[in-house]
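The block underneath contains the structure these notes are about, expressed in C-alpha cells.
Atoms within each ligand, like the ligands themselves, are counted from 1 in listed order. What's counted below: heavy atoms across the whole structure, side chains too, no hydrogens, waters or symmetry copies.
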Amino acid sequence: MENRATTAILGAGITGLSIAHSLTNSAQSCHVFERSDRVGGAIQSTLENGYLAEDGPNSLLLKDTRVAELFDQIGLNGTKIQDTRPDAHNRFIVNQGTPCQLPTSPLRMLRSPLFGLSGLLRIAKEPFISRYKSKHEESFANFVRRRLGNNMLENGAAPFVSGIYAGDPESLSIRHAFPRLWAIENNHRSILMGALAMRKTKHAPPHRLSPTRTISFHSGLSELPQALARNLPQNTLKLNTKISAIEPCDGGWQISWTDLRGEQKSAHYQKLVITTPHHAISTLPLPHEIIQQLAPVAAIEAPPVTSLVLGFKRQQVAHPLNGFGMLIKSSENSPLLGVLFSSSMFEGRAPEGHVTLTCMMGGTHHPEYAENSDQIVLAELNKLLGITAAPTFRHRTHWQHAIPQYNLGYQKVLNALSLCEKSHAGLHFAGSYRGGISVTDCIINGLTLGKHLSKR
Ligand SMILES: Cc1cc2nc3c(=O)[nH]c(=O)nc-3n(C[C@H](O)[C@H](O)[C@H](O)COP(=O)(O)OP(=O)(O)OC[C@H]3O[C@@H](n4cnc5c(N)ncnc54)[C@H](O)[C@@H]3O)c2cc1C
C-alpha cells in the first residue's frame with residue numbers, strides 16, 4: 001500500500017498540475033499519476049542546436065488575475081515571462097497565394113484586398129442586427145456570417161478558427177467553442193457594442209487582467225508545467241506509472257498501478273480526478289458502466305495535426321517575417337493550415353542570423369495533410385515566403401488527436417460528464433474537452449476545480 005493522500009489525479013498535463021497546485025496550496029494531499037516520463041502533456045519545448053521548438057502550444061494569453069497569481073506563487077514572474085516582440089501584433093492571411101497583413105483600422109480595412117468597401121460596410125451594420133432567434137444550435141460560421149457577413153467569415157474568422165481549433169467553422173458550435181462571443185450577443189445584442197461596453201469596469205468580466213499579454217518563457221512554454229511540478233510537495237508526482245485498476249470502494253476509489261521500478265502498488269482515495277485526454281479515457285481500467293456512460297466523450301472529434309518546426313538562414317527567406325505568423329484560407333487549397341513566425345514572436349527561438357518557422361498541417365478539412373512530407377511543406381514555403389534553401393533545422397511532431405472539436409451537439413458530451421460525476425461519488429473530469437481548449441482555460445478550470453475539491 002502507498003502512503004495516504006485524499007485525491008488521485010490522472011494525468012500531469014497543465015490541467016492535472018493546476019488542480020494539484022490548487023489542492024496542495026490549500027494543504028490537501030494528492031497524488032498525480034502520469035503515464036509518461038515527463039510533465040506537461042501537450043506542452044513540450046525542445047532546445048536543439050540553438051533552436052527552440054514548441055511541439056504543441058507556442059504561446060498563451062495572460063488575461064486573468066488568477067493565472068498571474070499562480071505564476072507569482074511558482075516563481076514564474078517578472079523577467080521570467082517573455083512577451084511577444086513588437087512586430088508580433090501583425091498577422092497575415094494568405095489570399096490568392098500572397099500573405100496579406102490583417103488590417104487593424106477601418107481605413108486599412110478599406111484598402112485591404114481582404115475586406116474592401118463592401119466588407120467594411122457589412123461590418124458596420126453589425127450593431128443593428130438582432131439576436132439569434134432560431135431554436136437550432138448555431139454554428140460559428142453562421143454566427144459570423146449573420147452578424148458580420150460572408151467576407152469577414154472567409155477572410156478573417158474562418159482562418160482564425162483553423163489557427164485555434166484546426167476545425168470546421170460550419171461544425172463548431174458558437175455556444176461551446178466561443179462561449180464569450182456567444183454570451184456577448186446574449187447580454188449586449190451586438191458584439192461590437194458589447195466589446196465597447198466591456199472596456200468599462202462595470203461590464204468587465206471578473207478576474208480580467210488588462211492589458212492582455214501573449215506570452216511564453218525564455219526556455220519555452222515547458223517552463224510552466226516544470227515550475228508547477230517543482231512546487232508540488234515531495235512524492236506527489238508519480239511519473240512512468242501504469243494504472244492497472246480503478247474500482248469504486250468505501251465511498252471513494254481504490255487505484256492500483258505499476259510504478260517506474262515495475263512494483264505493483266495500490267491506495268485508497270476519497271476523490272479521483274481524470275485529466276487524461278478525452279480519447280484516453282476509454283483505455284483506462286474503469287468500470288464498464290462508466291465507459292458506457294462516457295460514450296459521447298469517446299466520440300468527440302479530434303483530427304490529427306502535425307507541427308513541423310524548420311530553421312533557415314535569415315538571408316534565405318525573402319519575406320520580412322514581420323509578424324506573429326500567417327493563416328491560410330481554406331479556398332487556397334494549401335497543404336498547410338498556417339505558419340507561425342516563431343523567431344519573430346519571441347526572442348531566443350533561433351541562433352544569430354537564423355529564423356524559425358512552425359508549420360501546422362492537418363485538421364478537420366484535410367486530416368491526411370498531417371502526413372505531408374517535408375518536401376511538400378518546403379515547396380509551399382518557397383511559394384508563400386520565398387524560401388529557396390534547405391532548412392538548417394527540423395523538428396516534427398505528430399498529434400493523432402490534437403484538439404477536441406466543440407461541434408454542434410456538444411451539450412451531449414457535457415451532459416454525459418455531469419451525469420457520470422453525479423452517479424459516482426468523488427469522481428471528476430477535467431481537461432481541454434471541457435470548458436475551453438486553451439492553456440489559459442485549462443489552468444483556470446484546473447484551479448477552480450482544485451478550489452472546489454478542497455472545500456468538500
Ligand atoms: C499542436 C497544438 C497546438 C496548440 N497550440 C496552442 C496555443 O498556441 N495556445 C494555447 O493556449 N493552447 C494551444 N493548444 C491547446 C493546449 O495545449 C491543450 O489544450 C492543453 O495543453 C491540454 O492540457 P491538458 O492537461 O488538458 O491535457 P494534456 O496536455 O493532453 O495532458 C494529459 C496528460 O495525461 C497523460 N495521460 C494520458 N493517459 C494517461 C494514463 N492512462 N495514465 C496517466 N496519465 C495519462 C498524458 O501523458 C498527458 O501528460 C495546442 C494544442 C496542440 C495539440
**OP:** For residues 245-259, pull every pair meeting salt bridge (Lys or Arg N to Asp or Glu O under 4.0 Å), keeping only residues two or more places apart or in separate chains.
**Re:** D259-R261, D259-K265
Subject >> Ring centers of F140, Y406 separated by less than 6.0 Å >> reply: no
Original post:
If we ignore angles and hydrogens, is there a donor and acceptor under 3.5 Å between the side chains of T6 and Q28?
Top reply: no
Subject >> Proximity of F393 and H354 rings by center, below 6.0 Å >> reply: no
**OP:** Could you list all the salt bridge (Lys or Arg N to Asp or Glu O under 4.0 Å) pairs where at least one residue sits in residues 46-58, not counting sequence neighbours?
**Re:** none
Subject >> Pair listing, salt bridge (Lys or Arg N to Asp or Glu O under 4.0 Å) test, anchored in residues 420-439, at least two apart >> reply: E421-R434
Enumerate, one pair per line, all nitrogen or oxygen atoms of ligand 1 lying under 3.5 Å from a protein nitrogen or oxygen, stating the separation to 0.1 Å; write 'none' if no such pair exists.
unit_1: ligand 1; atom_1: 8 (O); unit_2: N58; atom_2: N; d: 3.4
unit_1: ligand 1; atom_1: 9 (N); unit_2: S59; atom_2: O; d: 3.0
unit_1: ligand 1; atom_1: 11 (O); unit_2: V439; atom_2: N; d: 2.8
unit_1: ligand 1; atom_1: 19 (O); unit_2: I437; atom_2: O; d: 2.5
unit_1: ligand 1; atom_1: 25 (O); unit_2: I14; atom_2: N; d: 3.1
unit_1: ligand 1; atom_1: 25 (O); unit_2: T15; atom_2: N; d: 3.0
unit_1: ligand 1; atom_1: 25 (O); unit_2: T15; atom_2: OG1; d: 3.2
unit_1: ligand 1; atom_1: 26 (O); unit_2: T15; atom_2: OG1; d: 2.8
unit_1: ligand 1; atom_1: 26 (O); unit_2: S432; atom_2: N; d: 3.3
unit_1: ligand 1; atom_1: 29 (O); unit_2: A42; atom_2: N; d: 2.8
unit_1: ligand 1; atom_1: 44 (N); unit_2: R35; atom_2: N; d: 3.2
unit_1: ligand 1; atom_1: 47 (O); unit_2: E34; atom_2: OE2; d: 2.6
unit_1: ligand 1; atom_1: 49 (O); unit_2: E34; atom_2: OE1; d: 2.7
unit_1: ligand 1; atom_1: 49 (O); unit_2: E34; atom_2: OE2; d: 3.2

